[in-house]
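Just so you know, these numbers use all the heavy atoms, side chains as well, and skip hydrogens, waters and symmetry mates. Position 1 is the first residue of the sequence; numbering continues from there.
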Amino acid sequence: MNDFTKKIIEWYGENRRDLPWRESSDPYLIWISEIILQQTRVAQGYDYYVRFVSRFPDVDSLACASEDEVMRYWQGLGYYSRARNLHLAAKSMNGSFPKTYEEVLKLKGVGEYTAAAICSFAYGMPYAVVDGNVYRVLSRYWGIDVPIDSAEGKKVFAALAEEMLDKKSPATYNQAIMDFGALQCTPRSPNCAFCPLQEGCLALRKKRVSLLPVKRHKAKVVYRYFNYIYVRSGEYTYLHKRSGDDIWRNLFEFPLIETLAEIKEKEELLDLPEFLSFASSVEKVYSLHVVYTNVKHVLSHQVIYANFYEMSLPSCPLHLCGYERIRIDDLDKYAFPKLLCTFIDKHVFQKKME
């Protein structure tokens with residue numbers, strides 16, 4: 001065993017995080033944890049994992065559930081394609097989790113990293129994981145400035161990760177280097193002064209820790225402006241299920257008017273053709289008032305600025321084309337984006353309790 005691998009594993013023995021999915025070799029539970037932790041910090045994903053596997057403890061329970069229920073248990077985690085892919089993958093398994101790397105890699109939503117993690121943790125197979133934490137540790141220790149998002153970079157780091165892997169204990173080593181990157185060799189303010197790798201770390205020696213790893217491309221941020229209308233018709237409201245290839249597909253929302261720029265006054269909304277078309281489907285609007293304005297919601301490559309309005313309508317049943325009429329008390333049975341969850345909790349449910 002080389003010195004780098006030995007020190008990583010020794011560090012892990014004293015600093016490992018106690019996480020529920022590490023107490024099991026069940027590939028299903030490991031799969032769920034790995035998908036949840038994609039783009040999600042452990043602190044945030046922990047409770048979601050516990051709730052999710054309590055409701056869906058095995059492949060069959062997940063495969064037999066409706067997509068709406070799966071999305072509801074994922075509500076607030078973001079990157080909702082992960083939940084849709086989980087559900088589709090579970091349906092494709094015929095009740096049994098695949099047992100080879102090649103079969104695992106074919107699952108919907110599973111890439112090389114996730115397949116390596118599942119196969120090493122569940123089956124003890126010698127596949128090296130390469131995620132953001134691993135890129136960071138390897139690039140700093142060896143002073144590698146090849147961009148990690150380039151074809152060359154992926155090849156270089158995959159080969160190095162494979163070389164460093166402890167073939168006899170792949171699960172321990174993979175968990176060790178990921179924890180090391182998450183807790184010790186962090187993106188900002190890494191604990192270099194008390195790092196067991198400091199003597200051999202080229203980035204530390206050359207004062208390049210903050211410069212590594214290197215990324216070639218930076219994603220362009222898109223700014224969007226949403227105007228939600230919470231329709232209150234007696235004890236009922238109206239929802240729409242998002243579709244297409246946009247964000248939050250298959251999640252529910254209140255009537256939405258998206259604009260190219262921020263709307264600063266209610267009158268600007270009232271004059272929009274989209275609003276006039278929406279309002280024309282009701283006999284009489286009792287009132288429309290502003291609830292919240294300029295609420296900022298940050299996604300990975302998008303920033304959404306949202307305004308929320310409340311519209312009062314007659315309590316008699318009305319047909320709004322494209323919208324489902326539901327009881328306000330039943331809102332918690334539907335899956336919403338986090339932005340709308342916050343609005344519902346703060347304005348709708350809290351207001352009913354007052």
Side-chain angles (χ1 to χ4, degrees), residues 17 19-22 24 26-53 55-56 59 62 67 70-93 97-98 101 103-122 127-138 148-149 153-154 157-158 161 171 174-183 185-187 213 215 217-219 245-251 297-302 335 337-338:
R17 293 177 289 187
L19 302 170
W21 48 87
R22 287 183 174 170
S24 172
D26 184 340
Y28 171 80
L29 298 179
I30 294 169
W31 171 55
I32 298 297
S33 72
E34 288 300 327
I35 299 300
I36 285 178
L37 294 179
Q38 291 174 358
Q39 307 292 333
T40 300
R41 292 177 292 106
V42 169
Q44 181 187 9
Y46 187 100
D47 289 340
Y48 277 92
Y49 169 84
V50 172
R51 285 196 298 270
F52 198 90
V53 299
R55 170 59 188 89
F56 311 112
V59 170
L62 180 56
E67 183 182 274
V70 174
M71 298 298 277
R72 195 161 69 248
Y73 273 82
W74 202 269
Q75 180 175 272
L77 252 184
Y79 298 94
Y80 292 94
S81 61
R82 295 182 294 174
R84 293 191 294 270
N85 289 339
L86 272 177
H87 193 222
L88 290 172
K91 286 179 174 292
S92 73
M93 293 181 197
F97 201 91
Y101 175 84
E103 290 174 329
V104 173
L105 188 58
K106 290 179 182 178
L107 294 175
K108 185 76 171 176
V110 170
E112 293 179 355
Y113 158 76
T114 304
I118 293 169
C119 289
S120 64
F121 299 159
Y127 289 94
V129 298
V130 185
D131 70 347
N133 289 317
V134 175
Y135 276 126
R136 188 165 55 255
V137 175
L138 296 181
I148 62 175
D149 55 347
K154 294 180 186 300
F157 284 102
N174 280 337
Q175 290 168 339
I177 192 169
M178 288 193 297
D179 267 14
F180 191 85
L183 303 176
C185 193
T186 54
K215 270 194 174 183
H217 301 297
K218 289 188 177 180
D245 294 326
D246 200 358
I247 57 172
W248 304 333
R249 180 159 62 91
N250 292 355
L251 296 182
H297 187 71
V298 180
L299 303 177
S300 57
H301 306 312
Q302 298 187 32
K338 188 173 183 179

L107 vs S92, side chain to side chain contact (heavy atoms under 4.5 Å, CB included): CA-CA, chis, key distance, verdict:
CA-CA 8 Å; L107 294 175; S92 73; 4.1 Å; yes

Between Y80 and I247, does the side chain to side chain contact (heavy atoms under 4.5 Å, CB included) criterion hold? Intermediate values first, please.
CA-CA 8 Å; Y80 292 94; I247 57 172; over 6 Å; no

Could you walk me through whether I35 and W74 pass the side chain to side chain contact (heavy atoms under 4.5 Å, CB included) check?
CA-CA 11 Å; I35 299 300; W74 202 269; 4.0 Å; yes

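A donor-acceptor pair under 3.5 Å is absent between the side-chain atoms of R82 and the main chain of G109, judged by distance alone. Distance alone, capped at 3.5 Å, is enough to place a donor-acceptor pair between the S120 side chain and the A117 backbone. Remark: the backbone N or O of V110 is not paired with any side-chain donor or acceptor of T114 at under 3.5 angstrom. Panel note: side chain R17, backbone D179; no donor-acceptor pair is recorded below 3.5 Å. Between the N174 side chain and the F121 main chain, no donor and acceptor come within less than 3.5 Å of each other. Proximity of a side-chain donor or acceptor of R249 to a complementary backbone N or O of R84 within less than 3.5 Å is not detected. Between the side chain of Y48 and the backbone N or O of Q75, at least one donor-acceptor pair lies under 3.5 Å.
Residues N133 and I177 form no side-chain contact, since every pair of their non-hydrogen atoms from C-beta on lies 4.5 Å or further apart. Taking the side chain as every heavy atom from C-beta outward, F52 and V70 approach each other to under 4.5 Å.
Shown here for A128 and A116, the closest heavy-atom pair between the two residues is O-CB, 3.6 Å. Here the shortest heavy-atom pairing between F157 and V130 reads O-CG2, 4.4 Å.
Looking at S300 and Q39, their side chains never bring a donor and an acceptor atom within 3.5 Å of each other. A donor atom on one side chain and an acceptor atom on the other are found under 3.5 Å apart for E34 and Y113.
Between F97 and Y28, the gap from one ring centroid to the other reaches at least 6.0 Å.
Within a 6.0 Å radius of NZ in K338, other residues, nucleotides and ligands contribute 12 heavy atoms or fewer.
Using cut-offs of 30° and 60° on the angle between ring planes, the pair Y46 and W21 is tilted.
A side chain to side chain contact (heavy atoms under 4.5 Å, CB included) with C119 is found for one member of L105, V104, V129 and no other, namely V104.
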